[in-house]
2 protein chains.
Amino acid sequence: MAVLEAVSAHPHATADTIAEGARASIGTVSKQAVYNALGTLSEKGIIRRIQPAGSSALYEDRVGDNHHHLICRSCGKTVDVDCAVGGSPCLTASHDSGFAIDEAEVIYWGKCPDCRKA
Amino acid sequence: MAVLEAVSAHPHATADTIAEGARASIGTVSKQAVYNALGTLSEKGIIRRIQPAGSSALYEDRVGDNHHHLICRSCGKTVDVDCAVGGSPCLTASHDSGFAIDEAEVIYWGKCPDCRKA
DNA sequence: TCAAGAACTAGAATTGTTCTATTTTGAGGT
DNA sequence: ACCTCAAAATAGAACAATTCTAGTTCTTGA
């Protein structure tokens with residue numbers, strides 16, 4: 001529960017940050033307890049795990065609405081974006097090679113406003 | 001050059017596999033030489049590096065045609081798919097939050113024909 | 001031929017995550 | 001209340017991919 005709350009409170013946080021958040025509300029929690037909880041929660045579909053290139057895994061509780069992510073190449077800032085194409089469209093690849101596709105993960109890479117200034 | 005050839009010969013291979021490929025054509029190459037070469041090549045845009053969740057980095061030389069990937073959740077098999085939406089459309093997120101977007105990375109997750117049978 | 005910079009090597013170091021063995025906790029039954 | 005058993009937590013080791021570092025070897029231009 002504490003882990004779930006921490007994920008809710010810090011969207012797109014790393015396991016480490018979430019562990020800190022959980023500790024803030026409960027006291028002591030081991031790293032592994034957090035990993036276990038995160039693992040179970042994302043397995044059950046209650047939270048989502050994203051693993052952008054060049055960073056550790058991030059977790060969020062916004063789930064089931066087919067939204068995507070926009071990540072800054074310089075500072076790593078991550079924001080949600082709604083699916084450009086509506087509903088859950090991306091699930092149709094042009095040619096599926098016989099695969100049964102169950103998810104389309106979209107990551108937009110770019111530069112955030114702050115980093116553009118600098 | 002040997003590294004580039006190895007990437008060409010084994011699309012979607014890991015750094016390790018590419019190192020083996022390079023060694024097969026040249027003799028001995030250190031792991032770091034390979035990482036250096038891969039780093040420079042992808043920095044210059046000659047090859048592309050993809051880092052799917054739960055696997056190490058993969059490299060490919062098909063570049064600049066806005067294609068995406070379809071990965072099997074069970075066996076990790078990776079195939080190319082052309083962009084569902086044509087040209088380079090995905091570059092437009094519904095709302096860009098002020099970011100300067102330069103790439104849209106799409107990964108379709110599913111089950112390959114072989115794993116569906118099993 | 002020589003010097004200077006680039007690339008290469010080997011091996012240690014780092015980081016995020018997972019594994020394993022041991023301990024603690026909590027629920028149900030007596 | 002007490003005991004037992006399973007589930008969850010702990011601590012710390014283990015692991016794998018990648019990066020860093022220091023020293024050596026090549027290559028190229030003068």
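Chain A is the first sequence line, chain B the second, and so forth, proteins listed ahead of strands; every chain is numbered from 1.
Summarising the geometry, the separation between CD on A:Gln51 and P on C:dT15 is reported as 18 Å, rounded to the nearest angstrom. Distance CD1 (A:Ile26) to C1' (D:dT10): 14 Å, rounded to an integer number of Å. Distance A:Asp16 CG to C:dT18 P: 14 Å, rounded to the nearest Å.
Not counting sequence neighbours, the partners of B:Lys77 by the salt bridge (Lys or Arg N to Asp or Glu O under 4.0 Å) test are B:Asp114.
Proximity of A:Tyr35 to the phosphate of C:dT18: no side-chain N or O atom is located under 4.0 Å from OP1 or OP2.
The line from CD1 of A:Ile107 to CD of A:Gln51 is 9.5 Å long, rounded to the nearest 0.5 Å. Distance check, rounded to the nearest 0.5 Å: CZ of A:Arg48 to CZ of A:Arg62 gives 9.0 Å. For the atom pair OH (A:Tyr35) and OG (A:Ser30), the distance works out to 11.5 Å, reported to the nearest 0.5 Å.
When B:Lys111, B:Arg116, B:Arg73 are each tested for a salt bridge (Lys or Arg N to Asp or Glu O under 4.0 Å) with A:Asp102, only one passes: B:Arg73.
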List every contact pair, protein side and nucleotides 6-10 of chain C side both N or O, where the distance is under 3.5 Å.
| from | atom 1 | to | atom 2 | distance (Å) |
| --- | --- | --- | --- | --- |
| C:dT9 | OP2 | B:Ser30 | N | 2.8 |
| C:dT9 | OP2 | B:Ser30 | OG | 2.8 |

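In summary, the side chains of A:His67 and A:Glu60 do present a donor paired with an acceptor at a separation below 3.5 Å, with no hydrogens or angles considered.
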